[in-house]
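Here is the structure we will look at, set down as structure tokens.
Quick caveat, the model's predicted, so the values are computed rather than measured. In the text below, chain A, chain B and the rest are named by the order of the sequence lines, each starting its count at 1.
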Amino acid sequence: MSYPRKIKGFRDIDANMNQLRWKIINSAAKVYKKYGFEHYDTPVLEYSENLGKYLPDSEELAEGVYSFNNPELEPKFDNKGAEIRDERNNVVMENHYLTMRYDLTAPLARLYAESLWELHKHKQVQEGKTPLLRRYQYGQVFRFEAKLDPGRFREFWQLDFDTVGTDDITTDAEACMILADALEEIGLKRDNYIVKVNNRKIIKGLLISLEITEDADEQNIMRIIDKADKIGMQGVAQELGQGRVDEKSKAKIEGLNIDNEIVDQIMGFLSDFSEINTRANILEKLNSKNIDNQTYTEGVSELTKIDEILSALNFDENRVIFDPTMIRGMGYYTGPIFEVEYVGTYKDSKGRKRKVGSICGGGRYDGLVEKSLGMKVPAVGASIGVDRLAEILTLTKQTPELAQGPVIIIAFDDNLMTEYQKIAYELRTKDIEVEVYYGSRKNLKKQLSYADKKNCPIAILIGENEFNNGVATVRNLKLGKELASQITDKKEWRERVQSEVKRENLTEEILKMI
RNA sequence: GCCGAGGUAGCUCAGUUGGUUAGAGCACCAGAUUGUGGUUCUGGGGGUCAUGGGUUCGAAUCUCAUCCUCGGUACCA
């Protein structure tokens with residue numbers, strides 16, 4: 001015997017949850033296809049080195065992912081793909097590190113790099129002329145997080161679309177449109193979501209103008225700015241400077257100890273955008289800044305282009321806004337970044353009001369494929385967090401109606417099992433979903449409760465009497481449910497929802513009812 | 001990781017200043033209904049009070065440790 005239990009952060013999904021999940025996936029996929037994306041899949045497990053530098057033996061970087069040694073011994077390769085040999089010229093074997101995918105973007109980069117590997121080796125593809133790939137993909141991704149926030153799991157689904165092989169900024173604008181369209185197709189109302197757009201080049205350009213050019217500093221500063229909506233502008237200023245003490249938790253948070261003057265400049269820049277503002281106003285403000293390095297200028301002109309396209313297609317401020325304080329966590333983004341926030345709150349199981357936060361994210365990552373291919377390949381994409389969205393739809397009671405169950409054939413009499421099977425098979429050839437009741441408890445009440453729970457539309461009752469008379473009793477469970485609240489007299493109710501039909505007409509009658 | 005709050009039936013929880021046999025609602029099972037869903041009514045099963053030690057005549061209740069859960073905070077490629 002063992003104690004049956006699940007790993008923390010992993011879930012079982014029942015029929016209702018699956019119904020909602022696949023509604024989300026099918027709706028979004030429909031939109032992705034409309035824009036010309038094709039459906040790809042990649043394995044759940046990858047060689048760790050292909051997913052980035054997150055190896056289990058480098059403590060810091062292994063955090064947050066599931067990695068382990070491959071039980072299979074395989075040849076060791078150098079980074080050009082050649083087998084490494086020892087002094088006796090034998091191939092060196094090792095157990096490679098494997099990692100469960102933590103998103104769908106890194107595996108895409110691997111897939112794309114792999115497909116170009118040989119061509120690139122023989123110099124048959126040139127930078128700037130790499131093939132175009134537009135794919136969408138959905139599936140589980142895995143992250144190890146010690147403590148889970150509400151609505152977050154260690155295994156969760158993402159629903160990505162990416163365009164690899166072009167640096168045309170139009171695809172970035174398109175990504176925003178796709179996110180908006182997909183969410184509306186899923187059923188979100190227009191004022192329940194907002195796509196937020198920023199460009200990493202703008203903050204980067206600002207930092208360059210302040211003579212902050214170290215990668216680590218830049219990352220740290222961006223990380224703190226990203227927390228603005230959580231800790232407030234004052235909190236950001238404190239964490240950039242001397243640090244702060246969180247009031248609620250009394251936690252001491254160390255600051256970056258940046259000079260006051262520079263902190264003031266950064267805060268001054270950000271606070272200019274703190275008021276909700278139109279895209280045009282934000283662009284105007286960005287242009288008016290006295291910053292003239294190339295990174296900054298590029299960032300602003302890219303945003304300008306995105307605004308042009310969005311505006312021309314009537315994607316207005318009620319769907320897509322610019323937010324110069326939005327950063328996003330993933331380190332591989334190099335240009336425009338997107339995030340979708342669910343607007344509004346919900347009440348959790350204890351009645352507490354909660355904010356939802358972001359439900360989609362994405363951006364341009366022009367350097368990711370290069371890491372494994374050794375050649376620059378521009379790419380942009382975004383992802384819908386399926387489980388988060390499902391959670392929100394459930395909590396705000398926007399779930400689809402319970403799916404209709406199968407027609408149920410009540411098993412009265414074991415001797416009639418062959419007859420039940422014949423009826424079921426006959427109906428199935430007409431594309432009707434049918435189930436013969438197999439439960440061990442055969443009393444009628446039990447069987448009808450079972451049918452009720454599965455939302456069965458019709459029950460077919462054939463006992464010895466019916467069989468001998470060549471008839472079947474058919475009960476309309478769907479109608480019965482509707483009438484249950486109106487009719488109190490059981491006898492009358494039964495007469496309304498139940499009828500006897502001839503055995504040879506049964507299939508025909510069921511087809512009429514369903 | 002840090003701070004705080006918790007752990008009592010399958011689920012949600014109540015349980016007085018320590019005092020007989022630890023309760024409720026939901027769910028489950030059965031009957032009222034001699035083969036007929038919902039509602040209603042009646043009855044029934046189900047708990048090593050997270051685990052281990054301590055205090056006490058006596059512990060779900062006080063105490064210590066451990067484990068786990070939740071909230072906040074930090075981290076999040």
Contacts of A:Lys227 meeting side chain to side chain donor-acceptor pair (under 3.5 Å) (sequence neighbours excluded), chain-then-number -> A:Glu239

Rounded to whole angstrom, note down the C1' distance from B:U55 over to B:C67.
23 Å

Counting side-chain heavy atoms from C-beta on, which of B:C75, B:A77, B:A74 comes nearest to A:Arg223?
B:C75

Nearest to the A:Lys8 side chain among B:G37, B:A77, B:U69, which nucleotide is it?
B:U69

Expressed as a whole number of Å, how far does the C1' atom of B:C49 sit from that of B:C76?
38 Å

When we call it a touch if two heavy atoms are under 4.0 Å apart, what does A:Ile231 touch: a base, just sugar-phosphate, or nothing?
sugar-phosphate

Which nucleotide wins on minimum distance to the side chain of A:Ile253, given the candidates B:C76, B:U73, B:G38?
B:U73

How far does the P atom of B:U33 sit from the matching atom of B:U42, given to the nearest Å?
16 Å

What are the two closest heavy atoms between A:Ile203 and A:Pro324, and how far apart are they?
CD1-O, 3.6 Å

Residue matched to B:U34 through Watson-Crick or wobble contacts both under 3.5 angstrom:
none

Rounded to whole angstrom units, what separation is found between the CD atom of A:Gln498 and the P atom of B:G37?
10 Å

What nucleotide among B:C75, B:C76, B:G37 has an atom nearest to a side-chain atom of A:Ser449?
B:G37

Please produce a list of atom pairs where a protein N or O lies less than 3.5 Å from an N or O of nucleotides 25-28 of chain B.
from	atom 1	to	atom 2	distance (Å)
B:C28	OP1	A:Lys453	NZ	3.3

Using atom CG of A:Leu444 as one end and atom C1' of B:A30 as the other, report the distance to the nearest whole Å.
16 Å

Which nucleotide, if any, forms a Watson-Crick or G-U wobble pair with B:G44, using both distances under 3.5 Å?
B:C28

Residue A:Leu477, side-chain heavy atoms: nucleotide from B:G37, B:A74, B:C76 that is nearest
B:G37

Using the P atom as the reference point in each nucleotide, state the distance between B:U61 and B:G53 in Å, no decimals.
14 Å

Centroid distance below 5.5 Å plus an interplanar angle below 30 degrees: do A:Tyr102 and B:A77 meet both conditions?
yes

Between B:C64 and B:G46, how many Å separate the two C1' atoms, rounded to a whole number?
33 Å

What integer number of Å spans the C1' atoms of B:A5 and B:A77?
32 Å

A:Asn455 side chain to A:Lys481 side chain, donor-acceptor N/O pair below 3.5 angstrom
yes

Taking any heavy-atom pair under 4.0 Å as a contact, classify A:Asp413: base, sugar-phosphate, or nothing.
nothing

Once side-chain hydrogen bond (donor to acceptor under 3.5 Å, both in side chains) is applied, what residue pairs with a partner in residues 458-468 of chain A remain, sequence neighbours excluded?
A:Glu466-A:Thr473

Quickly work out the A:Tyr332 OH to B:C76 P distance and round it to whole Å.
15 Å

Rounded to whole angstrom, note down the P distance from B:C11 over to B:C28.
15 Å

note: A:Asn443, atom CG; B:G31, atom P; distance rounded to Å ~ 7 Å

Separation of A:Arg152 atom CZ from B:A74 atom C1', in whole Å?
13 Å

When rounded to whole Å, the CZ to C1' distance for the pair A:Arg244 and B:C2 reads 14 Å

Could you give all pairs that pass the side-chain hydrogen bond (donor to acceptor under 3.5 Å, both in side chains) test and reach residues 376-389 of chain A, with sequence neighbours left out?
A:Arg11-A:Asp387, A:Arg21-A:Asp387, A:Asp160-A:Ser383

Length of the line joining A:Glu339:CD and B:C76:P, which is rounded to integer Å
15 Å

Nearest of B:C76, B:G37, B:A74 to any side-chain atom of A:Glu239?
B:A74

Of all residues at least two apart in sequence or in a different chain, which pass the side-chain contact (heavy atoms from CB on, under 4.5 Å) check with A:Lys8?
A:Leu148, A:Arg154

Watson-Crick or G-U counterpart of B:A5, or none if no pair lies under 3.5 Å
B:U69

If we call it a pair only when both distances are under 3.5 Å in a Watson-Crick or G-U wobble match, what pairs with B:C13?
B:G23

Considering every strand and a 4.0 Å limit on heavy-atom distances, what is the contact class for A:Glu254: base, sugar-phosphate, or nothing?
nothing

Anything under 30° is parallel, anything over 60° is perpendicular, the rest tilted; go ahead and classify A:Tyr437 against A:Tyr450.
perpendicular

Between C1' on B:G37 and CG on A:Leu448, what's the gap in Å once rounded to a whole number?
5 Å

From B:A77, B:A32, B:A74, nucleotide with atom closest to A:Lys445 side chain:
B:A32

Residue set satisfying side-chain contact (heavy atoms from CB on, under 4.5 Å) with A:Tyr40, at least two apart, ordered chain then number -> A:Glu38, A:Leu111, A:Leu133, A:Arg135

Looking only at non-hydrogen atoms, find the nearest pair between A:Lys204 and A:Thr295 and report the distance.
CB-CG2, 4.0 Å

Sugar-phosphate only, base, or nothing, as touched by A:Lys478 at under 4.0 Å among non-hydrogen atoms
nothing

Ring centres of A:Phe161 and A:Phe37 under 6.0 Å apart?
yes

Taking only the P atom of each, what is the distance from B:G47 to B:C57 in whole angstrom?
31 Å

What nucleic acid atoms does A:Asn465 come within less than 4.0 Å of, heavy atoms only: base, sugar-phosphate, or nothing?
base

